[in-house]
Amino acid sequence: MPLKAIFIAAGLALCLTANVLGRPNVVGYYPNWVTMPSLNLSMYTHVNFAFAIPAAGGSFTYDNQEAMPAIVSSLQAAGTKAIVSIGGWTGSGLFSSILKTPSSRAALLANIVSYLKQYSLDGVDIDWEYPGRMGDTCNVVDSTNDTDNFLSFLRDLRTQLDMAFGSRSKLLSLAVRVEPFDGPNGPISDVSAFASVVDYINLMMYDIAGVWNPTTSANAPLQYAPGQGPRFSVGSAIDAWSNAGWPFGQMNLGIPFYGYAMTANTNMLQNPSNMYAPISSIAPQGDQDDRAVAVQCSGAPAAYSGEWQWKHLRDQGILATAGTAASPWVRTWDSTTSTPWLFNPSTNIFITYDDPQSIKLKVSFAASKGLAGTMVWGMEMDYSNELLDVLHDFPSSNTTSTSTITTPTATTLGPSGTTATGNPSTKPISTSTAPTSSSAPPTSAVTSTTSSSSSSAGGPVAGAACPATGSYQCADSTGKSPSYLLCLYGKWIAQSCGSGTACFQAGSSISCGWPQS
Ligand SMILES: *[C@@H]1O[C@H](CO)[C@@H](O)[C@H](O)[C@H]1NC(C)=O
Ligand SMILES: *[C@@H]1O[C@H](CO)[C@@H](O)[C@H](O)[C@H]1NC(C)=O
Ligand SMILES: *[C@@H]1O[C@H](CO)[C@@H](O)[C@H](O)[C@H]1NC(C)=O
């Protein structure tokens, strides 16, 4: 994907291991360029150190290597597998040439084995972005041979790991994009040979939206709306790999703990059921950590990525609570992509992101398909474990009702948005506000279901005049209906919370939550 460093990747365990432990994978990437906040490491089953960067001769370097022994010990003491991840967005430039040159290929194999030994690591993750396809602008790419060379390399890596440490005693995982590896004619149709030597893949199911697209769209859609935005989604990615012979039980679904800002050329709140509006090709600055960086080798001027980490949506006054926007931002839910989006009508800035509500739906979907678990980019981006907690709700048995997660048909083209709430009439909540609920989804905390004004009998109706843009009203007060009204420019507009959820009133705000059972 153009612009922007998107790294990634992930880790795994034998599916056998997963079954034995009875614990879904929760793989976290630990970037070595950030200061990690203190985390409860046992909430991750695997942590991948990101990234070791390969050099032409087959050696690789990992910044902050001095800290490695202590981190590995603390992970292993917490019962978490410690894995080194090689490559990443900016570290994939030379894989193609290293793997096709016998001397550097042999050196890389030997260096991985000795690195695992030296640091007592539990495995290695290869994050080549991408075999047979350009990732970062200056990468070496050989669309004819990369994918074949990768398979042959992975077979030898598996053999050498098994010889050095015992059969299948070290993990070998891959971070992959939304389609199988590329051959000369596009994504290959059979990846089963890879699956026989690799423990699992981590699906980098994000960075789908971006300023290289003509319109706003979702960073990590659960499903895509045909004809709108890029044709990639959690559903399409899992299908693409599965159709090429990759077992569901060897996939972890990547979940972004961040989103992206884009500048729309229109006030999207005038048609909140449409999350696709033309955009400027220049991203606005995202959160306080977003820096303008030059794209390697392109000669293009430095540009922001527009990235908003979850913790900064929470602590920079964009969201007042996990499911509620702070004025002037308005939060809308898109029911096709099953993601929220934020809009600021005074700047026309749109933000696509994931929150506890959208992640809950992704986790249910992944579990219903029989995936091994989830992967997170990046571990440092959470806020009081609000998102990580949801990954721990990965159902251990397949009890998910498919009605909440079915693939939309073409009839859902005009997604009927939903969502939760912004209360534009309140001041942005101070950044020191403690999170109200650490365990996610929508909300169960709403107690003040209004009795009078919101009943379906006496309440407002769609089309009627409303007093304050940005106020919300559940269609009824039973806590069972998903319908609600949003006041925009003088008129109530009918909206609906996501399938399977219900509207809860809280003052002039609402939230969409799971109906109380
Ligand atoms: C850390 O997470 C584990 C796994 O979720 C949990 O059992 C444990 O209680 C947590 N420890 C602390 C100190 O919160
Ligand atoms: C791909 O491999 C073939 C066979 O080994 C070789 O002839 C060809 O030059 C390679 N292509 C590139 C771009 O290196
Ligand atoms: C889970 O249940 C759904 C609905 O019955 C079914 O379509 C799906 O195949 C099941 N998944 C697994 C992994 O058994």
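Just follow the structure's listing: the first ligand is 1, and inside any ligand the first atom is 1. Everything numeric here is computed off the predicted structure, so don't read it as measured data.
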### Message
If we ignore hydrogens and angles and just use 3.5 Å, is the side chain of H392 paired with the main-chain N or O of M43 as donor and acceptor?
### Response
yes
#### Entry: Minimum-distance protein heavy atom relative to atom 13 (C) of ligand 2
D142 OD2, 3.3 Å
### Message
Quick test: of every protein heavy atom, which one is nearest to atom 2 (O) of ligand 2, and how far off is it to 0.1 Å?
### Response
N145 ND2, 2.4 Å
### Message
Geometry only, no angles: is T144 polar-contacting ligand 2 at N/O separations under 3.5 Å?
### Response
no
### Message
Can you confirm whether or not the ring centre of Y260 sits under 6.0 Å from the ring centre of Y258?
### Response
yes
### Message
Looking at atom 4 (C) of ligand 2, tell me if a protein heavy atom falls under 4.0 Å from it.
### Response
no
### Proximal atoms of ligand 1 relative to M43 (non-hydrogen, under 4.0 Å)
2 (O), 5 (O)
### Message
Side chains of D290 and Q309 only: does a donor on one sit below 3.5 Å from an acceptor on the other?
### Response
no
### Task
Scan the protein's non-hydrogen atoms and note whether one is under 4.0 Å from atom 9 (O) of ligand 2.
no
### Query
How far does CG of L222 sit from OG of S335, to the nearest 0.5 angstrom?
11.0 Å
### Query
Where the closest heavy atom to atom 14 (O) of ligand 1 is concerned, which of N40, N385, V26, D389 has it?
N40
### Shortest non-hydrogen contact between Q288 and Q316, atoms and distance
N-OE1, 2.9 Å
### Task
State whether a side-chain donor-acceptor pair under 3.5 Å links T337 with T339.
yes
